[in-house]
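Below: the structure, in C-alpha cells.
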Amino acid sequence: MILAIKLLLLTCIWPTSLLISHSDHHHHYHHHHPQRSFMKRHNSKREIKMRKIDSTKVRPMKSEQLLRIEDHDFAMRPGFGGSPIPVGIDVQVESIDSISEVDMDFTMTLYLRHYWKDERLSFPSTRNRSMTFDGRLIKKIWVPDIFFVHSKRSFIHDTTMENVMLRVYPDGNVLFSLRITVSAMCFMDFSRFPLDTQNCSLELESYAYNEEDLMLYWKHGNESLSTDEHISLSQFFIEEFSASSGLAFYSSTGWYNRLFINFALRRHIFFFVLQSYFPSMLMVMLSWVSFWIDRRAVPARVSLGITTVLTMSTIITGVSASMPQVSYIKAVDVYLWISFLFVFLSVIEYAAVNYLTTVEERKQLKKRGKAAGLYNIDAVQAMAFDGCYHDTDTTDIDLTTFSVPSEESSTRGQAPSTPTLDAARIKRKRSLKGNVGRIILQNNHAIDTYSRVIFPTVYIVFNFFYWGLYI
C-alpha cells in the first residue's frame, strides 16, 4: 500500500519537473545568445526593404504609364502593313559655318524638325495639352531614320544636355526636333573662279524606309525652310535659299523620297582683286618701264625683267595653293598666265633689242673699214662684258645723233692728249644735262619704240574682253 502511494506521487511530479527544466533551459539560451536573435530580426527587415526597393525599380514612370509604352512594340513603324506613314519636315538654318574650295564641302548648323502621327502614343487629356520630353524617351519609341546624303561629318549638339526635344499631343501627333551641325559635299565648278556662283544643296532621306513605307515631304511647302537674317560669309554672298523634293532610286532597295535644301553662293571678288588681279596688273605695267630705259643699260633692264617674272610666278603659286587641283582652266588662271606672258615677252623683247643692236653696230664698224685687229675692245664689247658705257672709247661722239664714232675720230681717240680729253668730257657732260631725254629717244631701237605702244594697247584690249566675258 505504501509502495503504491509512492509510485503515484512520482508519476505526478516527473512531467512537471521536465517542463520546468525545459523552460529554464530555453530562458538560459536566450539569455546567453541575444546577438544571434537580433541578427535574425535585422535580416528579415532588410529582405522586406529590398523587396520594396525592387518593386519600385520595375514600376514604370507616370509618363510612360500614360503613353502606354510598355503595351506596344515600337520596333514597328506606325501603321505597319498599311499605307506609308507621312513624315513632314521643316528646317531652320542657323548658320553656314564654312565653305571649303579645297575639300569641296560646306558646314551648316540647323534645326531639323520631324512631324508624324503615332496613335500608339495617344493619351487622354481634359485640357488637350501636349507633353514635352528630352532625349531619354527617344530610344523607347519609333522615330524616323532621316540621314544626310553625301554628308562627311555630322553631330547633335550636347551642351549642356543633348539638344533633342520630343513633344507628344493627346491625339498621337509627334514633334521631334534636333539641333545638328553637318558637313556635306558640294560639287563646285571653278571654271569661272573667282567670278563664279556656286550652287550647293543639303539632301535628306530615310535610310531604311522606301516610299512604300514612309512618305517624306516638306511640312509647309516652300515656307518649311527658314533662315537666320544675320547669316553671312566672308567670301560669299548668299543669294537665295529654296526647298525642293524628288525621288532617289537604288537598284537593291527601290525608290526613296528625298528633300533638298538648295542655296546659291556668289563670290565676293574684291578680295581677289586686291590679292591677285591688281598685283599682276602692276607687274605687267612695271615690265613696260624697260622699254624707256637705254638699250645699252643691260643690268637695269635685265634685273627689272627677271624681278617681274619671279613676282608673277609667286602670285600664280599662291593662288594655286589655295585651290583644288582641278584638270580644267579657271578664270583667274587665264588672267594670271596671260599677264605672265606679257612680262615674259618684255624680257624676250630686250634680248632681241640687245642682239640686234650688237649686230647693227658691228656691221657699221665693218662698213667704215675697221679691221678686227686694229683695236682691242670697243664700246659695244665693253658693254657686253660689264654693262657700263665707256667714255674713253667714244670721246668724240656727236651728241645730236649719238651714232657710232667715225673712223677719223676713232683714230684720233686712240692717243689723245690729256687736256684735250678732259675738255671733251666736260663738254659732253654739260651737253647731256640738257639733252638726256632727246638722246634717249633718238638712240632707241625700233623694237623699243613699237613696244611702247603695242604692249599697253594689247593688254588693255585683253582686259576689255576678259572682264566683259566673265562678269
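All values reported here derive from a predicted model rather than from experimental measurement.
The main-chain N or O of V273 is never found under 3.5 Å from a side-chain atom of S276 such that the two would form a donor-acceptor pair. A donor-acceptor pair is defined here as one N or O able to donate and one able to accept, closer than 3.5 Å; no such pair exists between the side chain of Y111 and the backbone of V93. Side-chain N or O atoms of N210 include one that pairs as donor or acceptor with a backbone N or O of T253 at under 3.5 Å. In terms of modelled atom types and a separation under 3.5 Å, the side chain of Y328 and the main chain of F190 share a donor-acceptor contact. In terms of modelled atom types and a separation under 3.5 Å, the side chain of Y256 and the main chain of Y250 share no donor-acceptor contact. Remark: side-chain polar atoms of D333 are paired, donor with acceptor, to backbone N or O of K330 under 3.5 angstrom. A donor-acceptor distance shorter than 3.5 angstrom exists from the side chain of D145 to the backbone of A208, with no hydrogens or angles considered. Judged by distance alone, with hydrogens and angles left aside, the side-chain atoms of R301 form a donor-acceptor pair with the main-chain N or O of I293 at under 3.5 Å. Although no hydrogens or angles enter the test, the distance criterion places a donor-acceptor pair under 3.5 Å between the side chain of D171 and the main chain of N173.
Counting only N and O atoms by type, the side chains of N463 and Y335 include a donor and acceptor under 3.5 Å apart. Defined by atom type and a distance below 3.5 Å, a donor-acceptor pair is present between the side-chain atoms of Y115 and D90. A side-chain N or O of T109 and one of T181 form a donor-acceptor pair less than 3.5 Å apart. Side chains of D228 and S95: no donor on one and acceptor on the other come within 3.5 Å. Using modelled atom types and a 3.5 Å distance limit, the side chains of R266 and Q198 yield no donor-acceptor pair. In this model, no donor atom of one side chain and acceptor atom of the other lie less than 3.5 Å apart for S287 and T308. There is no side-chain donor-acceptor pair under 3.5 Å between N222 and S242. With hydrogens and angles left out, the side-chain atoms of Y217 and S224 include no donor and acceptor closer than 3.5 Å.
Applying the 6.0 Å contact sphere to CD of E212 captures no more than 12 heavy atoms from other residues, nucleotides or ligands. Y207 OH: 12 or fewer foreign heavy atoms inside a 6.0 Å radius.
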Item to check | CA sep, side-chain torsions, deciding dist, call: M281, S339, side-chain contact (heavy atoms from CB on, under 4.5 Å) | outcome: CA-CA 7 Å; M281 288 181 187; S339 298; over 6 Å; no

Item to check | Candidate pair M131 and Y169, rule side-chain contact (heavy atoms from CB on, under 4.5 Å), full reasoning | outcome: CA-CA 6 Å; M131 291 191 298; Y169 294 88; over 6 Å; no

Next on the checklist: Checking I96 against T107 for the side-chain contact (heavy atoms from CB on, under 4.5 Å) test, could you report, in this order, the C-alpha distance in whole Å, the side-chain angles of both residues, the deciding distance, and whether it holds?
Outcome noted: CA-CA 6 Å; I96 298 178; T107 302; over 6 Å; no

Checklist entry - Would I141 and D118 count as a side-chain contact (heavy atoms from CB on, under 4.5 Å) if you check the C-alpha gap in whole Å, the side-chain angles of each, and the deciding distance to 0.1 Å? => result CA-CA 10 Å; I141 66 171; D118 191 344; 5.9 Å; no

Item to check | Verdict with reasoning, F155 to H157, per ring-ring contact (aromatic ring centres under 6.0 Å, His included) | outcome: CA-CA 6 Å; F155 62 91; H157 290 259; 5.0 Å; yes

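Counting only heavy atoms from C-beta outward, the side chains of Q235 and F272 approach each other to under 4.5 Å. Using a 4.5 Å heavy-atom threshold, the side chains of N163 and D158 count as separate. Side-chain contact check for R295 versus T357: some heavy-atom pair is nearer than 4.5 Å. Counting only heavy atoms from C-beta outward, the side chains of E119 and P78 never approach each other to under 4.5 Å. Annotation: side chain of V332 is in contact with side chain of Y277 (closest heavy-atom distance under 4.5 Å). For the pair F133 and R167, the minimum side-chain heavy-atom distance is 4.5 Å or more. Two residues are said to be in side-chain contact when any heavy atoms from C-beta on lie closer than 4.5 Å; V309 and V347 meet this criterion. Inter-residue side-chain proximity for I315 and L336 is flagged as met; some heavy-atom pair is nearer than 4.5 Å.
Between L214 and P144, the closest heavy-atom pair is CD1-CB, 4.5 Å. The shortest non-hydrogen separation linking F106 to M185 is CE2-O, 3.7 Å. When every heavy atom of S322 is checked against every heavy atom of V319, the shortest pair comes out as OG-O, 3.1 Å. Contact between S313 and F340 at its shortest, heavy atoms only, is OG-CE1, 3.4 Å. For N199 against C186, the heavy-atom pair with the smallest separation is O-SG, 3.9 Å. What you find for N257 and M215 is that their closest heavy atoms are OD1-CA, 3.5 Å.
Taking CD1 from I89 and CD1 from I146, the interatomic distance works out to 5.0 Å, rounded to the nearest 0.5 Å. Taken to the nearest 0.5 Å, the OH atom of Y470 stands 12.0 Å off from the CD1 atom of I269. Considering CE of M165 and CG of L137, their distance stands at 12.5 Å, rounded to 0.5 Å. In this structure, CD1 on I447 lies 12.0 Å from CD1 on I348, to the nearest 0.5 angstrom. Here the CE-CZ distance, from M76 to R120, works out to 9.0 Å after rounding to the nearest 0.5 Å. Considering CG of L265 and OG1 of T197, their distance stands at 8.5 Å, rounded to 0.5 Å.
A salt bridge links R77 with D213; the closest basic N to acidic carboxylate O contact falls under 4.0 Å.
Of the listed residues (F236, F237, F241), just one forms a ring pair (Phe, Tyr, Trp, His ring centres under 6.0 Å) with F263, and that residue is F241. Partner R258 forms a side-chain contact (heavy atoms from CB on, under 4.5 Å) with one of V149, L247, L204, L216 and no other, that one being V149. Checking each of D134, I156, I138 against E162 for a side-chain contact (heavy atoms from CB on, under 4.5 Å) leaves exactly one that passes, namely I156.
For W255 and F249, the distance between ring centers is under 6.0 angstrom.
By the 6.0 Å and 45° rule, R452 stacks over the aromatic ring of W292.
Using bins of under 30°, 30° to 60° and over 60° for the plane-to-plane angle, the ring pair Y459/F462 lands in the tilted bin. Aromatic ring pairs are classed by plane angle as parallel below 30°, tilted from 30° to 60° and perpendicular above 60°; the pair W116 and H114 is perpendicular.
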